Structure formats: C-alpha cells, structure tokens
Amino acid sequence: MHEFENPIPDARLNKLKQLRSKGLDPYPSRYSRTHNSSEATSFYEDLESSLDENGQTPEISVAGRITAIRGMGKATFIDVMDSHGHLQSLARQGSLSSYSDLRDIDIGDWIGMSGPLMKTRTGQITLEIKSWIMLSKSLRPLPEKWHGLSDVETRYRQRYLDLIANEDARNIAVLRSKFVSELRQFMQSKNFIEVETPILVPIAAGGTARPFVTHYNALGRDLYLRIATELYLKRLMVGGLERVFEIGRTFRNEGLDLHHNPEFTMMESYEAYSNYHDVMGFVENLIHTLAQTILGTSVIKYGDHNIDLTPPWTKLDLRKEIISKTGIDFLKSNDVESLSLSMKSIGINVEKQVSWGGMIDKLLSSAIEPHLTQPVFLVDYPVEMSPLAKTKQENPHLAERFEGFIAGMEICNAFTELNDPIDQRARLEKQEELRIQFQDEDMDRLDEDFLTALEYGMPPTGGLGLGIDRLVMLFSGKPSIKEVVLFPQLRNQ
RNA sequence: GGGCCGGUAGCUCAGUCUGGUCAGAGCAUCGGACUUUUAAUCCGAGUGUCCUGGGUUCGAAUCCCAGCCGGCUCACCA
C-alpha cells in the first residue's frame with residue numbers, strides 16, 4: 001500500500017526521455033547560483049528605489065524545487081522553493097528562447113534559472129527567466145499543494161515528503177538543530193569540554209533500562225548499545241578533566257509511546273567540585289537561556305498551558321510531596337509489603353513482582369509527575385532507587401538527587417555523584433542482588449572497570465542528564481516525540 | 001498486550017450505519033485555450049488490489065471472522 005510499490009508515472013518517464021532526446025542532461029552535476037530565495041528578495045528590495053523605468057534588477061541565478069506551475073499560454077509562472085523560502089518566476093515566450101522546453105517540467109523538479117528580478121502588477125517580486133536548466137527530474141508526484149500531507153504514517157516513514165509539504169516539519173528540524181547547537185555553545189561558554197564515549201559497551205550500566213544486544217564478530221563477543229554515558233564520563237572525571245559533557249544517542253530496549261523512542265538524545269555533563277544544588281541552578285539557567293536565545297521568550301505555550309521557565313524553579317521535597325498527594329511516607333513504608341499495602345489502598349496496582357524502588361517509581365509516575373506542569377525540581381530521592389548518587393549526610397536513606405519536570409515530562413535527572421568507591425561497590429552489588437530477586441525488572445549493572453576507576457579517586461562532582469528530545473518537544477509545542485525525531489522508530493511494514 | 005478510532009485515485013477526502021447507477025469529488029496528471037498569475041481561469045479526459053485473506057449473500061468498499069498497518073488511550077517502561 002506504500003509508495004515503494006507504486007509504478008513511476010509514464011508521463012514523467014516520457015518527459016525524462018524528451019529531455020534526453022533534446023540533448024539535455026536531466027541530472028547535471030552542479031549549478032552556480034548567485035542568490036538563494038531570501039537573498040534574492042532582499043537583493044530586489046535593496047535596489048528597488050534605484051531601478052530604471054523597466055523596473056528590473058541585474059540578472060541573478062537561483063535554484064530550487066518547483067512547487068507550482070501556472071501556465072498561461074505564452075507566459076508561465078513557476079514557483080520555486082529552496083531551504084530559505086519561495087520565489088516566483090515568470091517565463092515568457094518573447095524573452096525565453098527555450099520556452100517550449102518548459103513542457104517537460106513538473107512540480108517536484110529541481111531547476112536552476114537566471115534572469116533579472118522585477119515586480120508583477122500585483123506587486124510580487126518575480127524572477128523573469130532568461131535561461132533555465134533542469135537540475136534533477138522528479139519522477140513521482142508530490143503531495144497535494146493545498147491540503148498538504150497529513151497522513152501520519154507517511155509523514156514519519158517518508159519524512160522527506162513531510163519536509164517538502166509541511167513548513168512545520170522544516171521548522172522543527174531547524175529548531176532542533178538550533179537547540180543542540182545553542183546547547184553546545186552554552187556548555188562551551190561554561191568551560192565544559194565536549195567528549196565522545198563508547199556506544200558499543202561490554203556492560204550496559206549507568207541506569208536502569210533494558211539494553212539492546214549486538215554481536216562483534218572480530219572479538220567473538222556480544223556487546224550492548226549504551227543506555228547512558230554516565231560511567232564513562234565519570235571515568236573522565238577520575239582522569240581530571242573537571243568539566244565534561246557529551247551530547248549523544250542512547251538506546252533503551254523498551255516501549256514506544258509519546259515520550260519514548262528506543263534511541264534518543266541525551267546530554268550528560270559532569271562538573272567537579274559542585275553538588276546537586278549547583279546543578280539545579282545550572283539547569284534552570286541553561287533552559288531559560290536557551291528559550292531566550294532560540295524562542296526569544298521565557299514563557300512557552302505547550303498545549304493549553306503557558307509554561308514560565310524563569311528561574312528559580314519550584315523545588316519540591318520529594319518525600320513531602322508524596323505524603324501530601326498520597327499520604328504515603330516512604331521512610332515509614334520502607335519495605336515492599338507495607339509500601340505495597342499503602343499503594344493498593346489508594347488504588348495503584350502493584351500486583352506484579354516489583355522491587356521497593358520500582359514501586360516508588362510507579363507511585364511517582366502515577367500520582368506526582370502528571371501534575372507537574374510548571375517547571376519543578378523534585379528533590380531528594382530514596383537511596384534505594386539512586387545507586388549512583390551520594391547519600392545525604394543528614395539522612396542516609398536519601399540521596400542528593402533531583403529530577404526536573406516540565407509539562408509532566410521528566411526532562412532531567414541529576415545528582416551529586418557518589419565518589420566513595422566502597423559505598424559505590426556495595427550499592428551496585430545490592431543492585432545485582434535485586435536483579436536476581438526481581439527477574440522481570442531492570443536494575444543497574446555492576447561495572448568492575450568503573451569501580452576500579454573510582455578507587456583512584458573522583459573529585460566531588462555534580463552530574464546531569466538532560467533529555468534533548470523532550471526539550472525540543474517542549475520548545476516546538478509538539479505532544480509526540482515522533483514529531484521531533486526525523487526518523488522515529490516504527491513497526492515493520 | 002487491552003480498549004477505542006481509522007486504512008477508498010499520486011495527495012486530501014466523501015461513500016460504510018440502511019448491501020444493488022458506489023467507483024466518486026477537489027488538487028495533481030493528460031489533451032486544448034490563454035503574455036502579470038499566485039488555491040490562476042475556461043473546455044475535455046477518472047488514472048483504482050476500496051489494506052490483506054477467508055466467509056455470508058443472487059450481489060460486498062459496505063455485513064461477519066482472522067490478520068497486517070497506523071493514531072489515540074490504558075498497561076508496561078525512564
């Protein structure tokens with residue numbers, strides 16, 4: 001039922017033959033344009049007041065894809081689109097010797113053309129074609145010009161059509177690029193250095209997630225796709241790099257929904273001599289700055305909400321927040337049985353074999369997180385579900401960890417990194433135990449090389465993981481992650 | 001995985017409830033007219049595996065069953 005099985009229309013193939021039979025190459029190798037569409041517009045506007053009586057500028061050359069053809073017999077209007085916008089052109093039989101060759105152009109073709117700019121009687125800046133050349137013959141018809149392309153599946157599977165037909169799709173692609181580039185600049189301006197760590201790893205550690213497995217033939221062993229960059233970046237902290245960040249793809253072999261794609265982009269950063277309070281300030285500042293720079297505002301419209309990103313964001317003590325919303329105190333319900341009873345009593349289903357940390361996680365995502373519309377930091381997580389975070393000195397059951405939420409989405413996870421190698425080993429061993437006990441559930445994994453690194457000494461460090469896809473969703477007002485990932489994962493055809 | 005909704009021309013859709021001029025419209029395409037149009041206009045042409053496979057029926061795009069694909073939602077999951 002998809003494009004790939006559809007035959008190429010005969011009419012297009014015939015035009016292709018026509019071009020060739022006239023000795024015209026339908027796929028030449030290059031074209032020199034002097035202006036893109038927006039430069040052409042300003043070129044005209046700059047010269048407009050000084051033009052002579054025929055109102056034409058000197059000749060320029062532009063190139064792009066034909067989006068509309070309006071033939072009027074001995075004159076033809078051709079709209080051309082490039083990545084900067086649209087430009088109208090006009091071919092007239094009187095002033096274009098190859099006018100009759102225009103029979104072989106179609107909507108979708110790439111052409112180059114040159115001539116002076118002028119204004120039509122309706123005031124539209126228009127290139128009067130003196131010469132033109134086919135740059136690439138299109139063999140398939142484009143989506144309809146008026147309604148555009150709206151079939152969601154086609155938009156995702158053939159994103160190029162979405163990009164051609166929908167300005168919004170182009171805007172999101174540009175916005176995402178801008179976001180990443182501004183993010184990178186921000187990090188660099190704070191003297192973080194950008195690094196790259198392995199994607200193929202022997203142990204998928206640094207988070208609780210099911211990994212993808214692959215096989216490396218040369219070494220005859222299975223490897224995993226990373227679920228986080230955390231442990232490698234911390235090795236760099238051990239190495240003394242002090243401020244590092246990585247923007248990169250991570251992979252989780254899990255469900256697929258509005259907020260989850262199996263491969264997604266995270267930024268992780270680590271800063272020596274700082275703790276999670278410093279990171280909180282850093283995140284507020286970072287996201288607020290990006291909104292200012294990219295969107296020119298501190299207040300983002302998302303669905304029905306106006307979200308104000310101005311720092312400082314609300315800080316909510318996680319434990320107090322759970323108590324006030326559910327009456328459950330996780331310090332008192334500190335074993336699986338009592339927590340399970342309390343959760344059942346407020347209608348949360350915990351019948352599956354689940355660890356204590358897993359249950360708290362569920363409690364959070366069903367009772368707390370959906371209500372966090374404005375930017376919020378949930379602060380101080382139970383140590384049991386934070387195996388890589390340092391414990392609070394005042395209370396060994398709590399970790400110096402926070403997560404940031406906007407519009408009900410988790411957008412970051414951060415903590416004061418645990419740098420006590422003995423404690424870290426004990427915590428990861430506990431995770432390994434839990435993994436055996438709760439077969440269905442994912443736990444963090446023990447990475448012996450990482451522990452060895454810690455034993456050499458890591459400075460006190462504040463660490464951060466930031467979900468880029470979700471922030472781009474927020475910045476672009478999109479409710480689905482598939483809208484901000486150019487090629488989202490879909491089922492097989 | 002459960003529930004709901006959907007899949008008809010290249011694209012956007014109507015037709016399904018109530019089976020029988022139901023193979024349709026607009027855009028795109030093809031032929032013709034037109035030298036300042038811009039959703040150009042005017043005249044003419046319908047280009048199709050009605051998602052797939054079964055079934056019911058004299059007759060199925062339409063009703064039934066199974067499957068595939070997608071969207072939303074719940075569950076699961078950072």
Side-chain angles (χ1 to χ4, degrees), chain A residues 1-3 5-12 14-15 55 67-79 86-96 99 103 106-108 118-126 128 138-158 161-162 164-166 206-210 227-228 250-262 264 266 348-352 354 357-358 361-362 364-366 369 385 403 405 409-413 440-442 444 465 467 469-470 479-482 488 490-493:
Chain A
M1 64 180 282
H2 284 277
E3 213 78 20
E5 298 157 17
N6 293 335
I8 294 171
D10 287 340
R12 299 250 173 166
N14 289 336
K15 287 175 176 177
T67 57
I69 301 170
R70 292 179 292 282
M72 309 192 52
K74 298 190 176 66
T76 301
F77 286 92
I78 300 168
D79 290 344
H86 292 263
L87 185 69
Q88 176 174 275
S89 65
L90 170 62
R92 293 196 297 166
Q93 197 171 53
S95 51
L96 177 63
Y99 186 83
R103 291 180 67 85
D106 282 298
I107 289 173
M118 51 154 215
K119 259 188 183 170
T120 61
R121 69 168 64 132
T122 53
Q124 171 132 9
I125 295 171
T126 299
E128 167 143 28
S138 165
L139 300 182
R140 292 186 183 277
L142 292 183
E144 193 217 22
K145 64 178 173 187
W146 187 239
H147 297 93
L149 175 68
S150 63
D151 180 75
V152 175
E153 187 179 356
T154 307
R155 288 186 43 235
Y156 295 157
R157 285 194 196 279
Q158 296 176 272
L161 294 180
D162 191 27
I164 293 168
N166 298 317
T208 52
R210 188 168 311 148
I227 59 168
T250 48
F251 307 84
R252 299 192 176 181
N253 203 341
E254 286 161 0
L256 192 62
D257 64 29
L258 286 184
H259 299 119
H260 297 86
N261 195 57
F264 60 103
M266 275 211 300
I348 298 177
N349 188 353
V350 282
E351 65 194 18
K352 277 203 162 185
V354 170
D361 215 15
K362 175 150 186 177
L364 280 177
S365 54
S366 49
E369 294 174 6
M385 55 191 296
E403 293 191 335
F405 294 86
M409 292 188 287
E410 179 197 333
I411 54 116
C412 71
N413 180 17
D440 284 345
E441 220 176 317
D442 275 296
D444 209 333
D469 310 85
R470 290 177 183 178
S480 167
I481 195 170
K482 291 191 172 85
L490 301 172
R491 289 173 199 274
N492 292 335
Q493 289 222 280

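Letters A, B, ... mirror the listed sequences (proteins, then strands); counts begin at 1. If you're wondering where the values come from, they're calculated on a predicted model, not measured in any experiment.
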Could you please name the partner base of B:C58, counting Watson-Crick and G-U wobble pairs only when both distances are under 3.5 Å?
B:G20
Give one of base, sugar-phosphate or nothing for A:T208, where a contact means two heavy atoms less than 4.0 Å apart.
sugar-phosphate
Nearest-neighbour nucleotide for the A:K74 side chain, B:A78, B:C34, B:U12 considered
B:C34
Side chain of A:L149, heavy atoms from C-beta onward: which of B:U37, B:C11, B:A78 has the nearest atom to it?
B:C11
Out of B:C34, B:G71, B:C72, whichever nucleotide has its closest atom nearest the side chain of A:M72
B:C34
Tell me the partner of B:C4, counting only Watson-Crick (N1-N3 plus N6-O4 or O6-N4) or G-U wobble (N1-O2 and O6-N3) with both under 3.5 Å; none if nothing fits.
B:G71
B:G26 -> Watson-Crick or G-U wobble partner, both distances under 3.5 Å, gives B:C11
A:Q158 CD to B:G10 P, in whole Å, measures 13 Å
Check whether any side-chain nitrogen or oxygen of A:R121 sits under 4.0 Å from OP1 or OP2 of B:U37, and answer yes or no.
yes
Just call it for A:G71: base, sugar-phosphate, or nothing, with non-hydrogen atoms closer than 4.0 Å on any strand.
base
CG of A:D151 versus P of B:G70: gap in Å, rounded?
11 Å
Figure out the CZ/P separation between A:F77 and B:U37, and round it to whole Å.
6 Å
Kindly say whether, by distance alone, the side chain of A:E410 makes a donor-acceptor pair under 3.5 Å with the base of B:A78?
yes
Mark yes or no for a side-chain to base donor-acceptor pair under 3.5 Å between A:S150 and B:U12, with no hydrogen or angle criteria applied.
no
Send over the distance from A:E153 CD to B:C11 C1', rounded to a whole Å.
15 Å
Just checking A:E369: base, sugar-phosphate only, or nothing, at a heavy-atom cut-off of under 4.0 Å?
base
Quick one: does any side-chain atom of A:D106 pair with a main-chain N or O of A:G108 as donor and acceptor, under 3.5 Å?
no
Indicate yes or no for a side-chain donor-acceptor contact from A:S89 to the backbone of A:I78 under 3.5 Å, with no hydrogens or angles considered.
yes
Kindly say whether A:P262 contributes a backbone atom to a donor-acceptor pair with the side chain of A:R252 at under 3.5 angstrom?
no
Look at the side chain of A:N413 and the backbone N and O of A:E403, then say whether any donor-acceptor pair between them is shorter than 3.5 Å.
no
Using the side-chain heavy atoms of A:L90, tell me which of these nucleotides is nearest: B:U35, B:U36, B:U73.
B:U36
Across every strand shown, the nucleotide meeting Watson-Crick or G-U wobble geometry with B:U49 (both distances under 3.5 Å) is none
For nucleotides 25-30 of chain B, give me one character per nucleotide, 5' to 3': B if any protein heavy atom sits under 4.0 Å from the base, S if the only such contacts are to the sugar-phosphate, - if neither.
-BBS-S
How many whole angstroms separate atom CD of A:Q124 from atom P of B:A40?
12 Å
Span that lies between the C1' atom of B:G24 and that of B:G15, in whole angstrom
8 Å
Do side-chain atoms of A:Y156 reach the backbone of A:D151 as a donor and acceptor pair under 3.5 angstrom?
no
Are any side-chain N or O atoms of A:R12 and backbone N or O atoms of A:S138, one a donor and one an acceptor, separated by less than 3.5 Å?
yes
Any N or O donor-acceptor pair linking the side chain of A:R70 to the base of B:U37 at under 3.5 Å?
yes
Please report the distance, rounded to the nearest Å, between CD in A:Q93 and P in B:U36.
13 Å
Whole-Å distance, A:R252 CZ to B:C77 P, equals 14 Å
Does the base of B:U37 carry an N or O that pairs as donor and acceptor with the side chain of A:Q88 under 3.5 Å?
yes
Is a side-chain donor or acceptor of A:N261 paired with a backbone partner of A:F264 at a separation under 3.5 angstrom?
no
Taking atom P in both B:U16 and B:G1, what distance in whole Å separates the two?
32 Å
Which residues pass the salt bridge (charged side-chain N to carboxylate O under 4.0 Å, His left out) test with A:E128, not counting sequence neighbours?
A:R92
Categorize A:D257 for me: base, sugar-phosphate, or nothing, with a 4.0 angstrom heavy-atom threshold over every strand shown.
base
State which residues pass salt bridge (charged side-chain N to carboxylate O under 4.0 Å, His left out) with A:K119; sequence neighbours excluded, sorted by chain then number.
A:E48
B:G71, OP1 or OP2 - any side-chain N/O from A:K482 closer than 4.0 Å?
yes
Please report the distance, rounded to the nearest Å, between CG in A:L258 and P in B:A78.
18 Å
